Amino acid sequence: MHHFTYKSGILHAENTPVPDIAAQVGTPFYCYSTATLERHFKVFDEAFGDIDHLTCYAMKANSNQAVIKTLGDIGAGMDIVSGGELKRALAAGIAAEKIIFSGVGKTEIEISDALEAGILCFNVESESELHLISLVATATRKTANISLRINPDVDAKTHAKIATGKAENKFGIPWTRAREVYALAASLPGIQVCGIDLHIGSQIVDLEPYQLAYERIGELVENLRSDGHDIQHVDLGGGLGIPYRQGDNEPPLPREYADVIKKAVGSLGCKIITEPGRLIAGNAGILVARVVHMKHGENKHFAVIDAAMNDLLRPTLYEAHHEVLSVVQPSVNGYTQIVDVVGPVCETGDYIATNRELPLLKQNDLVAIMTAGAYGAVQSGTYNTRALIPEVLVSGDQFAVVRRRMEVKDIIELDQTAPWQ
Ligand SMILES: *Cc1c(COP(=O)(O)O)cnc(C)c1O
C-alpha cells in the first residue's frame, strides 16, 4: 500500500502532482512519500503489539537525512553497516542507544566511533572482529555490548545476490560454532554479551526460511543461557519482501511475520529487535524520469529515458522488476507498445525495464519507475559522469528537495591533475 495514485488522470505523490515537482526540480529525481514511510513503519512496529521490542530501520535501504528523521520521529531505531551511516544516524537525531551496528568489516576507527557514541549493540560477525572490539574497548576504557551474528545455514529462497544465511555466504558465524565463539566473547575484556543476531537475506516472500532460522536461534538461546551467557535480546534481522510486480502474490503481512517470531522465540523473555529496510522504504519511493528519445530498432522499440543504471542499479544488478507508469494516466482502451525502457549509459546492461507493454510514449513524456524507495538512490553513482540526482520528500500537498542535484562541477572538483602535469 502506498500513496502514489492517479488523480484526475495525473500521477500524484500524496496530494502533490508529480509534473509540478518535475517542473520545479527537473528530471530525473527520486520522490518519497512521508505518509507511506510512516504507515509502513507503524504497521510493522505495531505487529509486535505490547511485546518488548525495537524496530531498527536498516538505513542502508535509504539513508537520506529526511527519511531517517521521518522514521526516527515515530520511534525507529537504526541498523547501520558503516561508520558513515553512524554519522548520518546521529546527525538525524537518532539516539545512540537505539543504534545497532551490523556488517562483516568494521574497522578500528568505526568501532571506536561507535563506542564513543554509546550504541546499543555491535552485531559481531567473526572472531577477528571480537578481538578488535575488545582491544579498542579496553584501550578507551569502555564496554562494548555485543551479539554474535549467527549464520543458521538456511536457504532464504531469494535472489542469490541477496541471500545471506547460507553456509557459503560471507555473513555470520556458523551456528554449529556459536557456543564456542560465545565462550571466547565472554572471556575477552571490554566485551559484554547481551544478545544474539541473524539476518538471512532480503526480499524474502516465504515465511518458512524464517521459521526454520528463528527456531534454530531459539534453541541456541537456551543452550547459551545454560552456558551462563546473559542473552537479553534476539535480533532477527530484516528481509521481509514487498510486491514489485503487479499481480504478484502478496508477500506475507508484517502481522504474519510477527506471529512466526512470537511462536519461535516469544517464550524466551527476550527483547525482540528487527531490522527491516526494504519493507519500510521500498514502496515509499519512485524514480521520475523523462523520455529523451523513442527509438525504433529492427525488432524492438526503445524508450530512452534520462535516468539510467547509475541512478537505479537494481534491474541490472539483481534482474529486478520495477513497474513503469506513464505519469499521465493512459486511457483504458488506448494503444500500447512493447518497449525496453533504457538509459543513456554506454552499457548493454543499462536498462530499467525490458519487454514491457506500455502506453504509446513520446519524447518528453514523464514516466514513474515504481517501488524505487529502497536500494535506489543509495546505490547510485556517477558513471558516465552523470551527476547524482535530487531526492524529494512529499508530505500531503507540500514537497521539499531533501538532496540537491549534484553538479558536474562537483565531480570535476574532486579530481586533481598530478603535480607534474
Ligand atoms: C540489508 C540488511 C537488512 C535489511 O534488509 P531488508 O531486506 O532491506 O529488510 C537488515 N539487516 C542486515 C544486517 C542487513 O545487511
Side-chain angles (χ1 to χ4, degrees), residues 37 40-41 43-45 47 54-63 67-68 71 76-82 84-86 89 98-106 110 114 119-126 129 146-152 156-166 169-173 195-207 209-210 213-214 217 233-244 251-254 257-258 260-261 272-285 313-314 317-318 320 371-379:
L37 286 167
H40 287 173
F41 180 80
V43 167
F44 187 89
D45 192 61
L54 177 64
T55 304
C56 291
Y57 166 64
M59 62 179 276
K60 76 174 193 280
N62 184 325
S63 46
V67 169
I68 53 187
L71 296 170
M78 294 289 143
D79 173 49
I80 62 168
V81 291
S82 71
E85 287 192 350
L86 173 67
K98 284 184 162 182
I99 296 176
I100 294 272
F101 197 167
S102 301
V104 289
K106 301 176 196 77
E110 288 176 322
I119 64 163
L120 175 59
C121 187
F122 290 87
N123 289 336
V124 176
E125 302 223 10
S126 65
E129 187 189 336
I146 68 106
S147 289
L148 294 187
R149 176 168 175 179
I150 301 302
N151 185 326
K157 297 182 191 153
T158 185
H159 191 278
K161 283 191 180 159
I162 48 176
T164 58
K166 286 282 286 169
N169 300 133
K170 71 178 174 184
F171 298 102
I173 289 159
I196 188 165
D197 167 58
L198 84 166
H199 170 71
I200 60 171
S202 201
Q203 188 52 18
I204 298 171
V205 292
D206 184 351
L207 288 174
Y210 279 129
Y214 294 171
I217 288 297
H233 74 242
V234 286
D235 178 341
L236 300 162
L240 194 56
I242 59 171
Y244 278 95
L253 298 170
Y257 172 67
V260 167
I261 291 180
I272 307 283
I273 297 179
T274 50
E275 304 167 347
R278 186 189 310 271
L279 183 94
I280 308 294
N283 269 318
L313 194 55
R314 299 189 70 261
L317 182 62
Y318 310 124
T371 322
Y375 307 107
V378 287
Q379 289 185 355

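Side-chain atoms are counted along with the backbone in the values below, which use heavy atoms only and exclude waters and symmetry mates. Just follow the structure's listing: the first ligand is 1, and inside any ligand the first atom is 1. Every value quoted in this text rests on a predicted model; they were computed, and no experiment measured them.
Each of I204, L240, I162 was checked for a side-chain contact (heavy atoms from CB on, under 4.5 Å) with R278, and the lone residue meeting it is I162.
Using a 30° and 60° split on the angle between ring planes, Y318 and H159 fall in the perpendicular class, above 60°.
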* **salt bridge (Lys or Arg N to Asp or Glu O under 4.0 Å) evaluation trace for K106 with E129** => CA-CA 7 Å; K106 301 176 196 77; E129 187 189 336; 2.6 Å; yes

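Centroid-to-centroid, the aromatic rings of Y57 and F41 stay 6.0 Å apart or farther.
No hydrogens or angles considered: a donor-acceptor pair under 3.5 Å links the side chains of N123 and E275. Between the side chains of T164 and N169, no donor-acceptor pair of N or O atoms lies under 3.5 Å.
Protein residues are said to neighbour a ligand when one of their heavy atoms lies under 4.0 Å from it; for ligand 1 these are A58, K60, D79, S102, R149, H199, S202, G238, G239, E275, P276, G277, R278, Y375.
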